[in-house]
Structures are given as C-alpha cells and as structure tokens.
There are 2 protein chains.
Amino acid sequence: MSVTIKDVAREANVSVATVSRALNGHANVTHALRGRIREVATRLRYMPHGAARSLITRRTQTLGAILPDLYGEFFSELMRGMDVAAREHNLHLLVSSSHGSAEETADALRALSGRVDGLLVMSPHADAALLAQNLPPAVPTVLMNTRAGDGDYHTLAIDNHGGARTMVRHLLACGHRRIAMIAGPESNFDAEERLRGVRDALSDQADGELVVLRGDFSEKSGYMAGLEIQRMARRPQAVFAANDMMALGCLFALNVAGVSVPRDIALAGFDDIPMARFVTPPLTTMRVNIAELGERAARTLIGTLAGDDTPPRGIGAPELIIRESCGSPPSRRTAADPR
Amino acid sequence: MSVTIKDVAREANVSVATVSRALNGHANVTHALRGRIREVATRLRYMPHGAARSLITRRTQTLGAILPDLYGEFFSELMRGMDVAAREHNLHLLVSSSHGSAEETADALRALSGRVDGLLVMSPHADAALLAQNLPPAVPTVLMNTRAGDGDYHTLAIDNHGGARTMVRHLLACGHRRIAMIAGPESNFDAEERLRGVRDALSDQADGELVVLRGDFSEKSGYMAGLEIQRMARRPQAVFAANDMMALGCLFALNVAGVSVPRDIALAGFDDIPMARFVTPPLTTMRVNIAELGERAARTLIGTLAGDDTPPRGIGAPELIIRESCGSPPSRRTAADPR
DNA sequence: CCGCACCATGTAAACGATTACATCGCGGCT
DNA sequence: AGCCGCGATGTAATCGTTTACATGGTGCGG
C-alpha cells in the first residue's frame, strides 16, 4: 500500500486539508507549517494519487494522441513537437498509434475519451462523423492533416497544396515544361492536395504538360513509376514525386535504366526525409516541419482547454530545399550538407 | 457534465451496482436485464470515468514510457513495439520523452509514478539509484539498454557486444586484418559494449590489429574519423563504425579523398538504418530490431504486473546484413534491396 | 473590557466507480 | 406447509483527493 495524504497529515500532526493546501501552494498556510509539511511529504516519498485528483478536479493533465500507422521520422518528429508543448504546461501524452481501420480508430477514441483532457487526432479514418459518434461532445479535439470540411473541430495541416505548387513553379523556372507527377493514392488527403497544387501551378503555365502516375507512397511504387517514365515516347523533362520515398524509388529505376539524373531528367520529392540529401544526386524536395505541426496542434488544444477559442492561425508552409536532382545550378554545399 | 453510471441506472430503473455488474460482464445478471442496460448505456453514450475506476481498482490500465531525446526511426520503432504489446492487453501508453538530464528524468519519473501501472525506462541517466529515489517501490519497472548491474530491476538490451563481435568476425573472414573502429562516446553504454565486442573478436585473431577512434554517433564525427583514417600511414583494411550515421560520414570523407569503398577499404556500420541500403556502395551493417526490444520490454512488464516474476529471457541479437561496402562478394540483390 | 473580523486550520461532503454484504423472492425438499 | 438456500438485485462503504464550510483563537478598535 502506498503512502497517501492521510499518512502525511498524521505524521505532520495536521489535517489532510492542510496538507493539500500546503502542497498545492494555496494561500492561508503558515510559512513554517508549509515547510514542515513539505519536509514530511518528501521524507515519506508522498506522491499524490493521480486518479483521485482527477476524479475531483475533472482534469487528467493528459493529452491524448490518436495516430495512424506511422513509420519512421514522421512519427517521432510529430511526437516530439507535441511533447514539447505538453511538457511546457505540465501535461502528459497518452498515445494510441497504429490504427489501420476506422473500426480501430473508433475503439481508440472511446478508450481514450475518459482519460484525457483533450485529443490530438491524425487519422485518415477520423472524419467529423466518426468523432461525433465516438466522443463525448465535451472532449476538445484538434485534427491534423485531415480532409477539410470538418467545421466543428479545429484543424491543422501542412500546406500540401502550396508546397506542391512551389515545387512545380521551381521546376518550371528551371526550364522544364513536360512534367510527370508520381501521385499518392486517391484516398489520401495529403496526396490529393499535393496533386491539386501541381495542377494549379501548371495551369499558370500555358505550354506546360502534365502526366500523372499513381503510386502509394512506397519506394517500390516509385520504382515502378520510374520504369514507366523511362519507357515513355515523349519522356518528361522533370519528375515530381508526391513523397521522397517514391522519388528515391524512381531514382533507382532511372539509374538502372541508364537515365542520368539530373542530366537527362530532373527529379524532385516531398518531405525532406534525412535520406534525401544522402543519395546521388542529392534530392531536391519540400521540407515539411512535422515537429512544428505537432507542437502547434498541441498548443491549439491547450489553448482550447484554457477557454481560448480562437481557431489556429494559419498552417505550416513547407520549405523548398534545392539540391542537385532538379537540374538547377547546384548550391554550394558539401556532400554531407551540414546545416 | 458528462453522463455517469447513475444516469444509466436511473434510466434503466436499476441500481448502480447492477449497471456496473452488467457492463463489466460479471455473472449474476439476467440476460434480458444485461441487454437492456447495455442498450441504455450506448443510447446515453455512457463512458466509464477512468479516474474513478482507477481509484477503486488501483489499476490505471496504462504503461508509462520514459525515453531520452530520441530522433528518427529508433524512437518510432521502439514505440511501435511497445504499443503492439500494450494494445494486446488493452493497455495504454503514457510517454514522456526528451529527457536530456538526470534532473529531467527524475521529474518525469515522479510525475508518471502515480499514473501508471508500470514503467518502461530507457535513459542514460536512469540507474538503480535514481530510480529507487524517485519511484515508490511498488511500481514495476523494466529498464532498456541500460548499464548492467541494476540488479533489482528487469533489464532488456540489444546484444551490442555480440553484434559487434559478429561484424568483426565477418570482416576477418573477408580477409581484413588491420581494422579501425570508430567508437561512440565513452559515457555511452551501447558504445562501450560494441567496442568490447570488437576487442573480443580481435583477440581471437593473432595477426589482427585494432585502432580505435572516438566519435559521438553523429555523421559529422564519422566524417572527421574518415578523414583521419584516410591520412594514416598504415591505412586500415576495414573500418567498423559503431553506428550507421558515423559509417556514412566516414564514407563521404573517403569519397571526397578519392578512396574507394570497398575496393581500397572496407566499411561497416551498426543499426541498419533505412538509409544504409541506399548509399553507394550499400552499407554492410548489423540490423537491430528495435521494435522487438520495445515489444519484449512491454511484455516483460505486463508479465510482472500479472505476477509472473520470471526475468526476461535473453536479449535481442542483431542480424548481420551483408551488402557491398565490406568487400565480400556482393549478394544478389537489386539496388532497391526489396525485402 | 468586550466584541468583531480575520486568518489558520479542521471537518466533512463531494467526485464516479467497484464490490462486500444485506435483502428479497422463489422453488424444492422434508 | 415451512424452511433453507440460492440467485438476482439493492445498499452502502470505499478508494485519495480537493474544497466549501465550520470552528476557534488572536489582535485590534471602540
């Protein structure tokens, strides 16, 4: 049995109320007494029982995060950002990851709903309907990278559309006109936004041509797309993959086929995964700041908890990272690209 | 105000006790009544209040994870493994990451101690003393990748020593005799274990020679080491870096200096980060299964919670991944190295 | 010198669940 | 027919904390 506030009270010869007040920094406790109580508490290794406290205060000091199956860098960066914000406010992070289906997401939603003060949700399956159905309306929620139109919830996202547009404009500026896009799956929100950005950028350019191939964000699908591109009669001058992994797959396919990047064809990706600058040639890409997305989402949620009901300001803008794969004059960097 | 068990009881014309029994699948509730209560509960969107439940059951259904500042793949894999095990037992994961100092780790330990049923700790700062001082003795704890000798706690680790030995044996088998090791910092447990493995493997080989350089696991320190190696009078025949990032740094340094890998010098790393198979030449390395480490640690903890007090069986053995950088006959793989 | 206000501290009621124990009704056995 | 036992349900104690309210002592003003 662990030590409770009663033990501290007994040991210090005061009532539990006084202990509570002393330890929580309330006014109206003599300085000397507070000191004595503190001393006793640490001597006894007293730790308040979180559940009991939550029960009465209706606060859990915990933020819940519902995430899809995330691999690699993305996941850790996102968590890191959320953690930074949470820690600042002495909040904890309860995570529930690896949700492959709407069913699983709903379960997670229900399971977490009672244990957290608010929820950070990133899930392809989480639309407004699912949330409404599985959450008590009282749980503040912030959505990340979700399909728009979920008006009732605060939503944050990477500016996929703007990022893709920026990249295509850069490719156009490099003189490329026939552009192939290796897009992501149609069901994916990020993927569609990026494709939309590409279309918009090209619609500004009268003599631009676009051919769209579908991938699934995997390296392998990029490889397949690369083989196909290399076989084309009118080969595109530039390839823009919806993420770096597909860009790398494509790069290998082109290498295997003896097509040189960037001499014969330009190539660009999206995400700036660490690997991007290590391949030859280093990959031009859009850097997205995942940690910032997580941090902002957490901050927004925390704001909501505090009663601040201003919707989140703006969305994260990816940054164009020009390396050698796109055929623009290489910027002066060492191979290792130190920051 | 959210809906409580009382509301359900009132609506179903029964007592709270019956509702509790019905919903928790206890015996002694009529089938019909149970059905009615279930129906009312879902209609009212009743969700049990986790804190209230924890208060009386003394279980939080939550595992705490204390992690250091972890970037990248490692973090997400570890979490994924822990999540898999936790989810199987309907447990949640409360994470507290980014602890740079012993002070911070201690804070996190204290903050989490009341909110979880058990703790998974990976931290360079968490030795037995720190834990004992900041945790109620009742909290079951499993340590990961920590310095040995923390007898009171269950401990799991990657077999760094065995992995390093395996790699050096492979290098020896390839015919290399003068071997340079780019080690990690002396303060790091993993680093020292790997170094020890190297020494042990070489002590079996009469004509083996070892030169040790120190790095700090960063790419940059690998780069510096590479420059140094390339300048050596009696250049080593093989370089073994304590992790892949340093191996890559070294590779770039050698490239810049015009030393060809593996023709002029062999190179190997440790970790098998995704990038390892994308560089040219693809990097020979030891694959460590982080997810498995996390999963095992979680399982061990869960076992302890269930009263099962057998110490964890064995430790994760890294797997030798032979690619082209070590100068052994390349195995037949495509550039993309599909699994 | 009395009384009032105020401040430090104590008492006890919540919070929402679980569960030991009490109760009630019914059927079967003697 | 009466009693016993058992199965279904209700009553209330309990977990550890916070906090509204009660209490009591002290100092100050009239």
Side-chain angles (χ1 to χ4, degrees), chain A residues 1-38 40-41 44-62 90 110-111 113-117 136 138-139, chain B residues 1-38 40-41 44-62 90 110-111 113-117 136 138-139:
Chain A
M1 191 55 57
S2 91
V3 30
T4 77
I5 198 173
K6 281 189 193 166
D7 302 316
V8 179
R10 186 167 351 98
E11 185 80 7
N13 279 316
V14 292
S15 72
V16 292
T18 305
V19 175
S20 172
R21 280 189 288 254
L23 262 28
N24 290 320
H26 278 231
N28 300 345
V29 181
T30 318
H31 190 72
L33 181 55
R34 192 190 301 269
R36 195 174 89 224
I37 292 176
R38 281 233 180 88
V40 172
L44 260 45
R45 296 253 170 81
Y46 166 66
M47 326 243 62
H49 190 292
R53 182 179 264 172
S54 307
L55 183 55
I56 189 87
T57 60
R58 337 264 319 139
R59 276 302 187 98
T60 59
Q61 309 288 19
T62 302
N90 281 313
R110 277 197 300 271
S113 67
R115 329 186 130 269
V116 300
D117 293 337
V139 183
Chain B
M1 190 55 58
S2 92
V3 29
T4 77
I5 198 171
K6 282 188 194 168
D7 302 316
V8 179
R10 187 167 348 99
E11 185 79 6
N13 280 316
V14 293
S15 72
V16 293
T18 306
V19 175
S20 172
R21 281 188 288 252
L23 262 28
N24 290 321
H26 278 232
N28 298 346
V29 181
T30 318
H31 190 71
L33 181 54
R34 191 189 301 269
R36 196 173 89 225
I37 292 176
R38 282 232 180 89
V40 173
L44 261 44
R45 296 252 171 80
Y46 166 67
M47 327 241 62
H49 191 290
R53 183 179 263 170
S54 307
L55 183 54
I56 188 87
T57 59
R58 335 266 319 141
R59 276 302 187 98
T60 60
Q61 308 289 19
T62 301
N90 281 312
R110 278 196 300 271
S113 67
R115 330 187 130 268
V116 301
D117 292 337
V139 182

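Residue numbers begin at 1 in each chain, while the letters A, B, ... track the order of the sequences.
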[X] [atom1] to [N] [atom2]: how many Å, rounded?
X	N	atom1	atom2	value
A:R36	C:dA8	CZ	P	15 Å
B:M47	C:dC15	CE	P	21 Å
A:R115	C:dA17	CZ	C1'	13 Å
B:R53	D:dT17	CZ	P	21 Å
A:L23	D:dT19	CG	P	13 Å
B:L55	C:dT19	CG	P	12 Å
A:H31	C:dC7	NE2	P	19 Å
B:I37	D:dA8	CD1	C1'	11 Å

Donor-acceptor pair, side chain of [X] and main chain of [Y], under 3.5 angstrom:
X	Y	answer
B:R115	B:T62	no
B:T30	B:A32	no
B:R34	B:A22	yes
A:R36	A:A12	yes
B:S54	B:R59	yes
A:N24	A:R21	no
B:S20	B:V16	no

Between [options], which nucleotide gets closest to the side-chain atoms of [X]?
X	options	result
A:L33	D:dT18, C:dT9, C:dA17	C:dT9
A:A52	C:dT18, D:dT17, D:dT9	D:dT17
A:I56	C:dT19, C:dC15, D:dT19	C:dC15
A:A17	D:dG16, D:dT9, C:dT11	C:dT11
A:R21	D:dG10, D:dT17, D:dA20	D:dA20
A:H49	C:dG16, D:dT17, C:dT18	D:dT17

N/O (side chain, [X]) to phosphate O (OP1/OP2, [N]) under 4.0 Å:
X	N	result
B:S15	D:dG10	yes
A:S20	D:dT18	yes
A:R58	C:dG16	yes
B:T18	D:dG10	yes

With a 4.0 Å cut-off on heavy atoms, is B:T30 in touch with a base, just the backbone sugar-phosphate, or nothing at all?
sugar-phosphate

Side chain to side chain donor-acceptor pair (under 3.5 Å) with B:S15: which residues, sequence neighbours excluded?
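B:S15: side chain to side chain donor-acceptor pair (under 3.5 Å) contacts with B:T18.
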
B:P48 or A:N13: which one's nearest nucleotide on DNA chain C is closer to the 5' end?
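Per heavy-atom nearest nucleotide, the more 5' residue is A:N13.
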
Quantified as the angle between the terminal helix axes (five pairs each), what is the overall bend of the helix from C:dC1-D:dG30 to C:dT30-D:dA1 to 10 degrees?
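Result, rounded to 10 degrees: 70°.
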
